Amino acid sequence: MTTLPEPAPRPAADAANTGLVRSVLRSPRGAIVVAFLVVLILACALAPLIAPYDPLAQHLSAVRSGPSGRYWLGTDSLGRDLLSRLLHGGRSSLLGVLEAVVTLLIVAVPTGLLAGYLGGTFDRIAMRVAEVVMSVPVIIILLAVLSIFEHSMTSAMIAFGVLGSSGLMRVIRGSALAAREELYVTAAELMGLSRLQVVVRHVLPRCRGAIIIQASLFAAVTLGVQTGLTFLSLGPPPPAATWGGMVADAASVFNQDAWMLVPPGVTIALTVLAFGLLGDVVRDVSAEKYAAAPAARRKRRSGTPDTAGRPEPATDMLLSVRDLSVATDGGRPLRLLDAVGFDIAAGETVGLVGESGSGKTMTARAVIGLLPGNCRITSGQVVFDGSPVQDLDQRAFRKLRGRRIAMISQEPMAALDPSFRIGSLVAEVVRAVDGIKGKAVHARVIELLRMVEIPDPEAVARRFPHQISGGMAQRVAIAMAIAGRPELLIADEPTTALDVTVQAEILDLLRSLQQQNNMAILLVTHDWGVVADVCTKVVVMYAGQVVETAPTGEVFDRPAHPYTRALLLSSPENTHVGERIQAIPGSVPTPQRWPAGCRFASRCDLAQPGCTEGAIPVKDISEGRLSRCLRVDTLLGGEARR
Amino acid sequence: MLKLLAHRVALSIPLVLLVSVVVFALESLVPGDPARTILGENATPEGIAALHQQMGLDQPWLERYWHWLSGLFHGDLGASLFTGDAVTSELNSRLGVTVSLVLCCVLVSAVAGTALGMFSAIRGGPAARVVDVLSLTGLALPNFWVAIVLVALFAVKIRLFPATGYVALAESPGHWVRSLVLPVIALSLFGVTAVAKQARDATLEVQDTDYIRVLRGNGVSESRIVLKHMLRNAAIPVVTVLGVVAVSMLSGTVFVEGVFVLPGLGSLATQATTDHDLPVILGIGVYFTVMVIILNLLVDLAYGMLNPKVRAS
Ligand code: SF4
């Protein structure tokens, strides 16, 4: 008979839990909250020893004295010392909270575990009961309890704990359920450890954070209720000191002395706050622990300014981007785009290509002035139709959007506000960009839907986004985008989320709309098929930089950057039956890890020592062709591909 | 949608049963003679005997429960042990106060909470922090304490509002409003902050969705985006929290009505507890439960109307 081995540990969860208490204490908020609670609990527990006076002793010579050297917090209308009454009153309040929380745990933890573990009928019944209990007007039960067990705060608090347990129970049940599915066939179980044991051993540690959060929030609520009940003098009968009772005492004399309201009010509020914040801190700390460890910070050298051929923006282009750099805000700005540059002529379609993390979507968002809230343009120019737009405020930018620059996004479903009908959504844009009102709006909406080849536009206009297909949704999104007859359309992976056949249809649609309206398109994609199909020019991005610019016709045969070549090789279209797709080994470095030299060096099969020494300049290879590679000659020269 | 409502109504029956069974069962658990507990130490034997009769204490509790339950189906909740009046007539005369109070509070919480939460989410920065601090305070201060401070400030110091008392809406709408202002503020503080928190989170989430970006990117004005699209989508999670808020307000009436001497169900509940008047407490339990169910139904309806996916199904 061999001894049972420990079940396979869950490193992440265990590591997260061992340090939980320490992490809470290490955060400044956590330390203050815990210190406050510890001091309060100790002070109240030791009240008989440390309180300056007997809480019931009346000092009739010093009635309602206000704070003084003798009575730190003053006295009440019978001359009783408020500080002593607070300390003694805290005993019943905190004890009440403890009773309720312990009851909560005793009820919620086992039922939650069992419901998750057993499933089936028990689970169903438990969930139903929990649902009913959640709607019980708890206060009435408490009053009934207090009416039957006169002045017994303990019974009321136990009742409160039972009635409040459904929330925590659900949380634990969820974890237990998840663990059960996961662990169904684990080694532990095969070794003969009973399933219940496995669940208890695995689930409880994992739920610890959730339990503490729920319990401390519950403690905050309980304290509110407990003091409320003592305020109504339903708790320990007067003259016993209670926090709620002190508020009631103060209420009867606030005309003469408002001060008496302050000590109990502030104490209750601070204590409730401390319990509530404790929950918050634990939540934040556990969230941090589960999040990926922050990437090591490296010294970054800013890249050399990119010239993109010409240093000045091209004025004959519809869109000309030069040296565009984008970084996050804040104390340690993180560079996301590094001197990006490219041009789009009127009516031209330019593909912006790269793996995810290359910065192509960020570039597209910078062009339309919709960077995420924590990012901004740090240098460079975005020139649209001859005038710089990078410094426009949102108000001024809005004049461009819709009418001159418009956009469609990747997830057609997510791009349509789910709460409104299709017709009303398109109408919203039409009203914004067309300046028409009334009946004309609807006519234009239908016209637009017809333009994007939606059959039966009247019927579709009446549907909600969730009632139409993805392809249809992308057509609607395109209709919204072309409503203002824009000169430039930013299309961020417009076909990625769609079926292959639908993809082709949407591309056809874009192409025909483009020809009808002489609309330029900046097409963000990672699909070479799409590039070959619709783009005249390709801009390849890698790690926040443009690494190659080329006419579509040439890039497929003669890529001028090892990254472009690798991307082309990894493209499924390029693979023939029986041939393995060559995924590029490794991944795009995150902005924290951008090296000083060539950013592609670690994945490049042509890399040589010089590549990692310093920033790689952009080279003009031929008319309209740029490459950011030291070995472009080798690449284009002899052995070409493979 | 209909399914949702049916589910809610189906839940209501076990809910009423649960509340009443618990109270009856507890009563039978009391060690010693409940009648003596109720009447106190210096009760006469005749008094106790009479109360026994009245409460039917000579019967087992299940039988008494059955009796009460069959009364409930005829709209009879028994008589108050203290005044001898029918519980239903006593409660009906006070229902208006509590309903006015709770509905006003829910309204105030919804409007003020949503406005604050959205403001904080959209503005960000210092404005958001002010709202955060206010919400923390609102969550921490006990409502009965706030009620007293409000009376001290706005009814006694500056005589802006009546300190206590209630005027029915039918009698004088103006006075009805004035009599409710302070109680509503005291009671909705928690609701406002809870809703504000939810509205803020929801707005932050909506702000970062593709559809808002697409509307912006295609030229729709910021005010339309905020007031129509963000509000509409953030309202869905806000409505769900309103249900919880409404229920907690119902409980809050017990603490707050007394301070303002509002003749509602909450203050009666306190009185009945002190008097050990169980039939009245049970009656209020039934009324509160029904109100919780109605409030939840309203929330479900609002949710269904706001969420097209639910509405359509
Ligand atoms: S510069 Fe060097 S490492 Fe970078 S792509 Fe060219 S050959 Fe590869």
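Chain naming here is simple, since letters A, B, ... match the order of the sequence lines and numbering starts at 1 in each. Since this is a predicted model, take the numbers as computed values, not measurements.
Pairing each heavy atom of B:D210 with each of A:A414, the nearest pair is CB-O, 3.4 Å. The shortest non-hydrogen separation linking B:Y211 to A:P418 is CE2-CD, 3.4 Å. Of all non-hydrogen atoms in B:F255 and A:L229, the two that sit nearest each other are CE2-N, 3.6 Å. Of all heavy-atom pairs spanning B:P308 and A:S419, the tightest one is CG-CA, 3.8 Å. Of all non-hydrogen atoms in A:I139 and B:F288, the two that sit nearest each other are CG2-CE2, 4.2 Å.
At distances below 3.5 Å, not a single donor-acceptor pair connects side-chain atoms of B:N233 with backbone N or O atoms of A:D417.
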side-chain contact (heavy atoms from CB on, under 4.5 Å) evaluation trace for B:S248 with A:V221: CA-CA 11 Å; B:S248 85; A:V221 176; over 6 Å; no
Steps toward side-chain contact (heavy atoms from CB on, under 4.5 Å) verdict (B:N218, A:M407): CA-CA 6 Å; B:N218 289 326; A:M407 64 174 279; 4.1 Å; yes
Trace of the side-chain contact (heavy atoms from CB on, under 4.5 Å) decision for A:L232 with B:F144: CA-CA 10 Å; A:L232 299 174; B:F144 54 91; over 6 Å; no
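Among B:G258, B:G219, B:G243, the residue with the largest count of heavy-atom pairs under 4.5 Å with chain A is B:G219. For the set A:A432, A:A477, A:S233, A:P137, the entry with the most heavy-atom pairs within less than 4.5 Å of chain B is A:P137. Looking only at heavy-atom pairs under 4.5 Å with chain B, the residue among A:L146, A:L416, A:V433 that has the most is A:L416. Contact count against chain B (heavy-atom pairs under 4.5 Å) is highest for A:L143 among A:V272, A:L425, A:V133, A:L143. Your options are A:L273, A:I268, A:V266, and the one with the most heavy-atom pairs under 4.5 Å with chain B is A:L273. Contact count against chain A (heavy-atom pairs under 4.5 Å) is highest for B:T270 among B:V149, B:I212, B:T270. Chain B forms more heavy-atom pairs under 4.5 Å with one residue of A:S155, A:G224, A:A159, A:S409 than with any other, namely A:S409. Most heavy-atom pairs under 4.5 Å with chain B: of the set A:G244, A:G402, A:P486, this distinction falls to A:G402. Between chain A and the residues B:L139, B:V16, B:T289, the largest count of heavy-atom pairs under 4.5 Å involves B:T289.
Looking at B:T209, neither its backbone nor its side chain comes within 4.5 Å of chain A, counting heavy atoms on both sides. A:L142 does not touch chain B: none of its heavy atoms, backbone or side chain, sits under 4.5 Å away. With a threshold of 4.5 angstrom between heavy atoms, A:I141 approaches chain B through side-chain atoms but not through N, CA, C or O. There is no contact between B:L282 and chain A, counting heavy-atom distances below 4.5 Å. Only the side chain of B:V22 comes within contact range of chain A, with heavy atoms under 4.5 Å apart. Only the side chain of B:L215 comes within contact range of chain A, with at least one heavy atom under 4.5 Å from a heavy atom of that chain. Within the 4.5 angstrom heavy-atom criterion, atoms from both the backbone and the side chain of B:E222 approach chain A. In this structure, chain A has no heavy atom under 4.5 Å from any part of B:N143. A:R395 does not touch chain B: none of its heavy atoms, backbone or side chain, sits under 4.5 Å away. Both the backbone and the side chain of B:V220 come within less than 4.5 Å of a heavy atom of chain A. Contact of B:R216 with chain A is made through backbone and side chain together, with heavy-atom distances under 4.5 Å. Heavy atoms of B:V206 lying under 4.5 Å from chain A are absent altogether. Looking at A:I368, the atoms closer than 4.5 Å to chain B (heavy atoms on both sides) all sit in the side chain, from C-beta outward. Heavy atoms of A:R404 lying under 4.5 Å from chain B are absent altogether.
Note that CE of A:M260 and CD1 of B:I148 are 10.5 Å apart. Values are rounded to the nearest 0.5 Å. From A:I148, atom CD1 reaches atom CG of B:L278 across 4.5 Å, with rounding to the nearest 0.5 Å. If you take CE on A:M134 and CG on B:N296, they are separated by 11.5 Å, rounding to the nearest 0.5 Å. Between atom CH2 of residue A:W243 and atom CH2 of residue B:W145 there is a gap of 14.5 Å, rounded to the nearest 0.5 Å. Interatomic distance, B:T274 OG1 to A:H151 NE2, rounded to the nearest 0.5 Å: 8.0 Å. Separating the CG atom in B:D275 from the OG atom in A:S147 is a distance of 9.0 Å, to the nearest 0.5 Å.
Salt-bridge check for B:K228 with A:E428: passed, with a basic side-chain N closer than 4.0 Å to an acidic carboxylate O.
A 6.0 Å sphere centred on CZ of A:F36 holds more than 12 heavy atoms belonging to other residues, nucleotides or ligands. Surrounding CZ of A:R29 are more than 12 heavy atoms belonging to other residues, nucleotides or ligands, all under 6.0 Å away.
Ring pair B:H229/A:F420 is tilted by interplanar angle, where 30° to 60° counts as tilted.
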